[in-house]
J.: 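Just passing along the structure, written as structure tokens.
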Amino acid sequence: MLDNLKKYDIVLASNSPRRRELLSGLGVNFRVETVSGLDESYDPNMPLSQVAAFLSQKKASAYSLAPNELIITADTIVLASGEVLGKPHDRDDAHRMLRLLAGATHEVITGVTVATSSRSVTFSNVTRVTFDTLTDDEIYHYIDHFAPFDKAGAYGIQEWIGFMGVKAIDGCFYNVMGLPVNHLYTTLKTF
């Protein structure tokens with residue numbers, strides 16, 4: 001499938017092992033290339049629902065693409081109680097984030113940009129996730145055994161905390177892992 005992509009050298013601009021796994025699951029041949037030190041700031045007056053798409057576009061613009069290259073960039077944020085939760089800075093920050101998510105519903109938004117030297121498409125995908133209540137012991141067990149410091153919102157739904165703590169999910173499960181593969185597949189078919 002996706003024979004239309006054979007003309008491209010496909011680049012996944014992400015260090016995320018989950019994004020590599022998910023893109024591989026689509027049967028896409030790609031290489032990983034990242035630019036370090038990218039500025040991931042955004043205008044604080046921007047609607048929070050647009051932040052992930054804006055950051056994915058910003059990441060894509062850091063690359064100069066050859067005519068045969070196609071790049072995929074993505075950014076995932078967690079929105080809870082009107083706050084953007086990125087990756088936690090340390091154990092205390094991870095605990096704060098998970099305490100905020102416990103017993104509540106939040107949104108996971110992933111923005112994706114697919115670009116060539118002549119065309120660019122950006123989209124966002126939103127998934128609503130509801131957590132059960134979590135004790136401090138459960139939160140610290142998760143932090144200490146799974147080190148979620150590379151994950152927006154301080155959790156990976158595919159890990160222990162997702163198995164025991166997620167009560168409901170409305171939307172794409174893979175979006176919560178960092179890449180809405182169905183929407184990406186549909187977009188890749190147009191290139």
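Please read these numbers as outputs of a predicted model, since none were measured by experiment. The analysis underlying the following values was restricted to heavy atoms, covering all of them including side chains, and did not include hydrogens, waters or symmetry mates.
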J.: Are Leu38 and Val11 connected in a single hydrophobic cluster, I mean Ile/Leu/Val/Met/Phe/Trp/Tyr linked by side-chain heavy atoms less than 4.5 Å apart?
T.: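 Same hydrophobic cluster.
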
J.: Can Glu40 and Lys87 be counted as an ion pair, charged N to O under 4.0 angstrom?
T.: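 The answer is no: the pair does not qualify as a salt bridge.
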
J.: May I ask you to test the Asp136-Arg99 pair for a side-chain heavy-atom distance under 4.5 Å?
T.: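 SC-SC contact between Asp136 and Arg99 confirmed.
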
J.: Any chance you could lay out the side chain to side chain donor-acceptor pair (under 3.5 Å) test for Asp137 and Thr135, step after step, and finish with the verdict?
T.: CA-CA 5 Å; Asp137 285 344; Thr135 66; 5.2 Å; no

J.: Would a 4.5 Å heavy-atom cut-off, applied to side chains only, mark Val112 and His183 as touching?
T.: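 A side-chain contact under 4.5 Å is absent here.
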
J.: Between Val32 and Arg20, does the side-chain contact (heavy atoms from CB on, under 4.5 Å) criterion hold? Intermediate values first, please.
T.: CA-CA 8 Å; Val32 173; Arg20 288 195 300 265; 3.3 Å; yes

J.: Shared ILVMFWY cluster between Leu22 and Ile10, side chains joined below 4.5 angstrom?
T.: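 Same cluster.
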
J.: With no hydrogens and no angle check, just 3.5 Å: does a side-chain donor-acceptor pair link Ser56 and Thr73?
T.: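 No - no donor-acceptor pair under 3.5 Å links their side chains.
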
J.: Can you sort out the partners of Tyr8 under ring pair (Phe, Tyr, Trp, His ring centres under 6.0 Å), two or more places apart, ordered by chain and number?
T.: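 Ring pair (Phe, Tyr, Trp, His ring centres under 6.0 Å) check on Tyr8 returns nothing, list empty.
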
J.: Same cluster or not: Ile77 versus Phe173, using hydrophobic residues (I, L, V, M, F, W, Y) connected whenever any side-chain heavy atoms lie under 4.5 Å apart?
T.: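 Unlinked, Ile77 and Phe173 end up in two clusters.
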
J.: Verify, without hydrogens or angle tests, whether Thr186 (side chain) and Asn182 (backbone) share a donor-acceptor contact under 3.5 angstrom.
T.: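 Here the side-chain-to-backbone pair exists.
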
J.: Do Val78 and Ile161 share a hydrophobic cluster, counting only Ile, Leu, Val, Met, Phe, Trp and Tyr and linking them when any side-chain heavy atoms are less than 4.5 Å apart?
T.: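 Yes, Val78 connects to Ile161 through the hydrophobic network.
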
J.: Can you list the residues that meet the ring pair (Phe, Tyr, Trp, His ring centres under 6.0 Å) rule with His106, with sequence neighbours excluded?
T.: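 Partners of His106 by the ring pair (Phe, Tyr, Trp, His ring centres under 6.0 Å) criterion, ordered by chain and then number, come out as Phe131, Tyr155.
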
J.: Without hydrogens or angle criteria, can the side chains of Gln50 and Tyr42 be said to hold a donor-acceptor pair below 3.5 Å?
T.: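 No donor-acceptor contact under 3.5 Å links the two side chains.
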
J.: Could you check whether Arg31 pairs with Glu69 (Lys NZ or Arg NE/NH1/NH2 to Asp/Glu carboxylate O, under 4.0 Å)?
T.: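 So Arg31 pairs with Glu69 through a salt bridge.
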
J.: Side chains of Leu85 and Leu101: does their closest heavy-atom pair fall under 4.5 Å?
T.: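 A side-chain contact exists here, since the closest heavy-atom pair is under 4.5 Å.
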
J.: For residues 103-121, pull every pair meeting salt bridge (charged side-chain N to carboxylate O under 4.0 Å, His left out), keeping only residues two or more places apart or in separate chains.
T.: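 For residues 103-121: Glu107-Arg128.
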
J.: Are the side chain of Tyr63 and the backbone of Glu33 linked by a donor-acceptor contact shorter than 3.5 Å?
T.: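 Between the backbone of Glu33 and the side chain of Tyr63 there is a qualifying donor-acceptor contact (under 3.5 Å).
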
J.: Over all heavy atoms of both residues, which pair between Asn125 and Thr127 is shortest? Give the atoms and the distance, please.
T.: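 For Asn125 versus Thr127, the nearest heavy atoms are OD1-OG1, 3.9 Å.
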
J.: Taking the side chain as everything from C-beta on, heavy atoms only, tell me whether Arg19 gets closer than 4.5 Å to Thr76.
T.: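 Yes, their side chains come closer than 4.5 Å.
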
J.: More than 12 heavy atoms of other residues, nucleotides or ligands under 6.0 Å from CE of Met46: is that the case?
T.: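 Enclosed.
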
J.: Measure the OG-CG distance between Ser16 and Asp150 for me, rounded to the nearest 0.5 Å.
T.: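 So the OG of Ser16 and the CG of Asp150 are separated by 7.5 Å.
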
J.: Heavy atoms, side chains only, cut-off 4.5 Å: are Val129 and Thr105 in contact?
T.: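 They are not in side-chain contact.
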
J.: Quick one: sort the Trp160 and Phe146 rings into parallel, tilted or perpendicular, breaks at 30° and 60°.
T.: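 Rings of Trp160 and Phe146: parallel, under 30°.
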
J.: If every non-hydrogen atom of Ser117 is compared with every non-hydrogen atom of Leu65, which pair is closest and at what distance?
T.: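 Between these two residues, the closest heavy atoms are CB-O, 3.6 Å.
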
J.: Search all heavy atoms of Phe149 against all heavy atoms of Ala94 and return the closest pair with its distance.
T.: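 Closest heavy-atom pair between Phe149 and Ala94: CE2-CB, 4.1 Å.
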
J.: Are more than 12 heavy atoms, taken from residues, nucleotides or ligands other than Tyr174, located less than 6.0 Å from that residue's OH atom?
T.: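 No, the 6.0 Å shell around OH holds no more than 12 heavy atoms from other groups.
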
J.: So do Lys7 and Leu70 actually touch side chain to side chain, heavy atoms under 4.5 Å?
T.: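 A side-chain contact is absent here, since even the closest heavy-atom pair is not under 4.5 Å.
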
J.: For atom CG of Asn68, is the number of surrounding heavy atoms from other residues, nucleotides or ligands below 6.0 Å larger than 12?
T.: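 Enclosed.
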
J.: Identify the two heavy atoms, one from Ser120 and one from Thr113, that lie closest to each other, and give their separation to 0.1 Å.
T.: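 Between these two residues, the closest heavy atoms are OG-CG2, 3.6 Å.
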
J.: Closest approach of Ile109 and Ser124, non-hydrogen atoms and distance?
T.: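 Closest heavy-atom pair between Ile109 and Ser124: CG2-CB, 4.2 Å.
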
J.: Between Thr110 (side chain) and Pro180 (backbone), is there a donor-acceptor pair under 3.5 Å?
T.: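 A pair under 3.5 Å: no.
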
J.: Using only atom types and a distance under 3.5 Å, with no angle test, would you say the side chain of Lys167 pairs donor to acceptor with the backbone of Thr133?
T.: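 No.
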
J.: Would you compute the distance between atom CE of Met177 and atom CD of Glu159 and round it to the nearest 0.5 angstrom?
T.: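 One finds 9.0 Å between CE of Met177 and CD of Glu159.
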
J.: Assigning hydrophobic clusters by single linkage (Ile, Leu, Val, Met, Phe, Trp, Tyr; side-chain heavy-atom cutoff under 4.5 Å), is Leu98 placed with Phe163?
T.: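 Different clusters.
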
J.: If the condition is side chain to side chain contact (heavy atoms under 4.5 Å, CB included), which residues does Lys189 pass it with, not counting sequence neighbours?
T.: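 By the side chain to side chain contact (heavy atoms under 4.5 Å, CB included) rule, Lys189 matches Leu2, Tyr185.
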
J.: Can you tell me how far apart CZ (Arg18) and CD (Gln158) are? Round to the nearest 0.5 Å.
T.: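 Reported value, rounded in 0.5 Å steps: 6.0 Å.
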
J.: Would you say the side chain of Leu184 lies within less than 4.5 Å of the side chain of Leu188, judging by non-hydrogen atoms?
T.: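 They are in contact (side-chain heavy atoms under 4.5 Å apart), so the answer is yes.
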
J.: Is there a donor-acceptor pair under 3.5 Å between the side chain of Asn4 and the backbone N or O of Phe191?
T.: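 Side chain of Asn4 to backbone of Phe191, a donor-acceptor pair under 3.5 Å: yes, one is there.
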
J.: Are Leu79 and Val126 close enough that some pair of their side-chain heavy atoms sits under 4.5 Å apart?
T.: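 Answer no - side chains too far apart.
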
J.: Just jot down the ring pair (Phe, Tyr, Trp, His ring centres under 6.0 Å) partners of Tyr140, sequence neighbours excluded, or say none.
T.: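 His95.
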
J.: What do the steps show when you test Asp144 against Arg91 for side-chain contact (heavy atoms from CB on, under 4.5 Å), and what is the final call?
T.: CA-CA 8 Å; Asp144 294 341; Arg91 187 175 189 255; 2.8 Å; yes

J.: Among Lys58, Gln57, Lys59, which residue meets the side-chain hydrogen bond (donor to acceptor under 3.5 Å, both in side chains) test with Asp75?
T.: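 With Asp75 as partner, Lys58, Gln57, Lys59 yield a single side-chain hydrogen bond (donor to acceptor under 3.5 Å, both in side chains), made by Lys59.
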
J.: Determine the minimum heavy-atom distance between Val108 and Val176, stating which atoms define it.
T.: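 Closest pair (atom of Val108, atom of Val176, distance): CG1-CA, 3.9 Å.
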
J.: If we ignore hydrogens and angles and just use 3.5 Å, is the side chain of Ser81 paired with the main-chain N or O of Glu83 as donor and acceptor?
T.: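 Flag not set: sc Ser81 to bb Glu83 has no pair under 3.5 Å.
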
J.: What distance separates Asp9 CG from Asn29 CG, expressed to the nearest 0.5 Å?
T.: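 The CG atom of Asn29 is 10.5 Å from CG of Asp9, to the nearest 0.5 Å.
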
J.: What's the separation between atom OG1 in Thr34 and atom CG in Asn15, rounded to the nearest 0.5 Å?
T.: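 Taking OG1 in Thr34 and CG in Asn15, the distance rounds to 4.0 Å.
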
J.: Can you list everything that forms a side chain to side chain contact (heavy atoms under 4.5 Å, CB included) with Ser24? Sequence neighbours excluded, please.
T.: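 Listed in chain order: Phe30.
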
J.: When rounded to the nearest 0.5 angstrom, what is the spacing between NE2 in His141 and CG in Leu134?
T.: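 His141 NE2 to Leu134 CG: 12.0 Å, rounded to 0.5 Å.
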
